[in-house]
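Read through the structure below, which is laid out as structure tokens, and then see the notes.
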Amino acid sequence: MRIDPRTLRLFLAVCREGTISGAARAEHLSQPSVSVAINQLERVLQTTLFTRNRQGIELTQAGIALEMKARAVESLLLSAQEEIQLLAEDIGGPLTIGGTPGALSTTMGRVIGGFSAEHPRFKLRILERPDTVVQNMLRSYEIDLAIVTSGMRETNEEFREQPVLTDPFSVIVGPGNEHIGDTVKLSELSNSHWVLPDAVGGFRKQIDALFINSGARLPANVILSDSILSTKAIVKNSQYITILPNELVSTEIKAGSLRAVGIEGINFQRKVGLLWMAERQLSPIAQAFVDYVVSYANP
């Protein structure tokens, strides 16, 4: 027996709502109808997909695996429908790109002008998410490509990773830190007030590596912030300092509201790359974006 796509949709509704009754309300069906559909799905797969408790449902390992695949099927169907609608209007896409805030800013700011000149009619969505969320969105086909800090994850045959851009790190200071010179050792700033990323992703790992390679201890007096805008605002208006790639603060440096201080003894540069599922054949617009970014990085 094959899986009925309708039962997959109801299974996803149960996952989203957390209960059989909630899924029934969301799908405008009776509760027994949803229960029968889930039972049929479990018979076809010969497994239990979730257990019931007072709070609702808890997915089994099989249920977790099926949810990811079911989300991928749903995403592909929605994308196919939208692609056909866009083709009727001679518009490429849809192209959905996810990524961490810093990596997205570094890459999109450099390449989108040239890419849109070559592809003037396309639909693009950009989603900022933490590193681990981005990878799950790739697995469920919710995004086509990811732009992430590169070179800091273990080799995984599940993904293809293409490093494309580099950007040097600097200590970023505001007017409240005029006493800091044009270059500095990180060990000299151990007692400073810092703003650093909170999420344990590739970006934070690269910053931690800077401290380790320079022999400096990680800051203890620190604000943890995954918001680039908030980080820059704090540094502008206080004595807090941060470490960021130069590209992310180029506008503020030109305006004079922030200053980039070179890090002595460090030649390490941040790398940004493209990430996508190895098993997935990219759509024409997604492949065109990959090709353009790679050619931009390697003229």
Side-chain angles (χ1 to χ4, degrees), residues 1-88 93-99 123 125-146 148 153-154 156-161 275-287:
M1 294 178 66
R2 294 183 177 181
I3 295 175
D4 185 337
R6 292 172 295 181
T7 63
L8 274 186
R9 188 187 70 192
L10 293 178
F11 170 70
L12 279 178
V14 174
C15 294
R16 293 190 184 107
E17 301 299 325
T19 62
I20 296 287
S21 57
R25 287 192 298 271
E27 295 296 319
H28 306 289
L29 296 171
S30 67
Q31 184 171 334
S33 297
V34 176
S35 295
V36 168
I38 298 301
N39 289 337
Q40 177 186 347
L41 185 59
E42 289 181 326
R43 284 197 303 272
V44 170
L45 296 173
Q46 299 182 354
T47 190
T48 300
L49 296 172
F50 53 77
T51 58
R52 295 172 175 83
N53 54 42
R54 292 182 179 180
Q55 287 72 41
I57 65 152
E58 182 176 351
L59 290 174
T60 63
Q61 288 301 309
I64 292 171
L66 181 63
E67 182 189 18
M68 186 69 70
K69 295 299 184 182
R71 284 167 56 193
V73 170
E74 182 180 56
S75 297
L76 282 172
L77 290 174
L78 291 173
S79 179
Q81 181 178 356
E82 188 174 9
E83 183 175 356
I84 291 170
Q85 293 170 345
L86 291 173
L87 280 172
L95 172 60
T96 305
I97 298 176
K123 184 173 183 179
R125 295 186 185 92
I126 300 174
L127 305 174
E128 287 189 357
R129 298 291 188 273
D131 232 348
T132 53
V133 175
V134 165
Q135 292 182 37
N136 282 333
M137 293 179 78
L138 284 171
R139 292 184 180 103
S140 63
Y141 286 28
E142 294 173 79
I143 59 176
D144 302 294
L145 299 168
V148 295
R153 58 180 50 82
E154 295 180 2
N156 188 334
E157 294 182 356
E158 185 180 14
F159 298 112
R160 288 191 62 188
E161 184 172 353
L275 194 71
W276 66 94
M277 294 295 293
E279 68 179 16
R280 183 172 184 180
Q281 181 177 352
L282 296 177
S283 67
I285 193 68
Q287 187 63 58

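Fair warning: this is a prediction, and the values are worked out from it, not measured in the lab. Side chains are part of it too, since the values below use all heavy atoms of this structure and drop only hydrogens, waters and symmetry mates.
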Between Leu127 and Val134, does the side-chain contact (heavy atoms from CB on, under 4.5 Å) criterion hold? Intermediate values first, please. CA-CA 9 Å; Leu127 305 174; Val134 165; over 6 Å; no
Tell me the closest heavy-atom pair linking [X] and [Y], and the distance in Å.
| X | Y | value |
| --- | --- | --- |
| Ala37 | Leu10 | CB-CD1, 3.5 Å |
| Leu138 | Ala146 | CD1-CB, 3.9 Å |
| Ala286 | Leu145 | O-CD1, 3.8 Å |
| Thr7 | Asp4 | OG1-O, 2.6 Å |
| Leu275 | Gln135 | CD2-CG, 4.4 Å |
| Ala26 | Glu17 | CB-OE2, 3.8 Å |

Nearest-0.5 Å distance, [atom1] of residue [X] to [atom2] of residue [Y]:
| X | Y | atom1 | atom2 | answer |
| --- | --- | --- | --- | --- |
| Leu29 | Ser21 | CG | OG | 13.0 Å |
| Glu67 | Thr60 | CD | OG1 | 11.0 Å |
| Gln31 | Ile20 | CD | CD1 | 7.0 Å |
| Arg139 | Lys69 | CZ | NZ | 10.0 Å |
| Met277 | Leu282 | CE | CG | 11.0 Å |
| Ile97 | Met137 | CD1 | CE | 12.0 Å |

Looking at residues at least two apart in the chain, or sitting in another chain, which of them share a side chain to side chain contact (heavy atoms under 4.5 Å, CB included) with Ser75?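 Side chain to side chain contact (heavy atoms under 4.5 Å, CB included) check on Ser75 returns Tyr141, Glu142.
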Between Glu82 and Lys123, is the closest basic N to carboxylate O distance under 4.0 Å? yes
Would one find more than 12 heavy atoms of other residues, nucleotides or ligands at under 6.0 Å from atom CZ of Arg280? yes
Would you find more than 12 non-hydrogen atoms of other residues, nucleotides or ligands less than 6.0 Å from Glu158 atom CD? yes
Only one of Ile38, Thr19, Leu49 forms a side-chain contact (heavy atoms from CB on, under 4.5 Å) with Val14, so which one is it? Ile38
Could you go step by step and tell me if Val44 and Arg2 meet the side-chain contact (heavy atoms from CB on, under 4.5 Å) rule? CA-CA 7 Å; Val44 170; Arg2 294 183 177 181; over 6 Å; no
Using only atom types and a distance under 3.5 Å, with no angle test, would you say the side chain of Ser140 pairs donor to acceptor with the backbone of Ala72? no
Side-chain contact test, heavy atoms from C-beta onward, threshold under 4.5 Å: evaluate it for Leu8 versus Leu12 and give yes or no.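 Sidechains of Leu12 and Leu8: no contact.
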With a 4.5 Å limit on heavy-atom distance, are the side chains of Pro94 and Leu86 in contact?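 Yes, close enough: below the 4.5 Å cut-off.
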side-chain contact (heavy atoms from CB on, under 4.5 Å) evaluation trace for Arg129 with Ile143: CA-CA 11 Å; Arg129 298 291 188 273; Ile143 59 176; over 6 Å; no
Given the rule in the side-chain contact (heavy atoms from CB on, under 4.5 Å) test, do Leu66 and Leu59 qualify, once you have shown the distances and angles that lead to the verdict? CA-CA 10 Å; Leu66 181 63; Leu59 290 174; over 6 Å; no
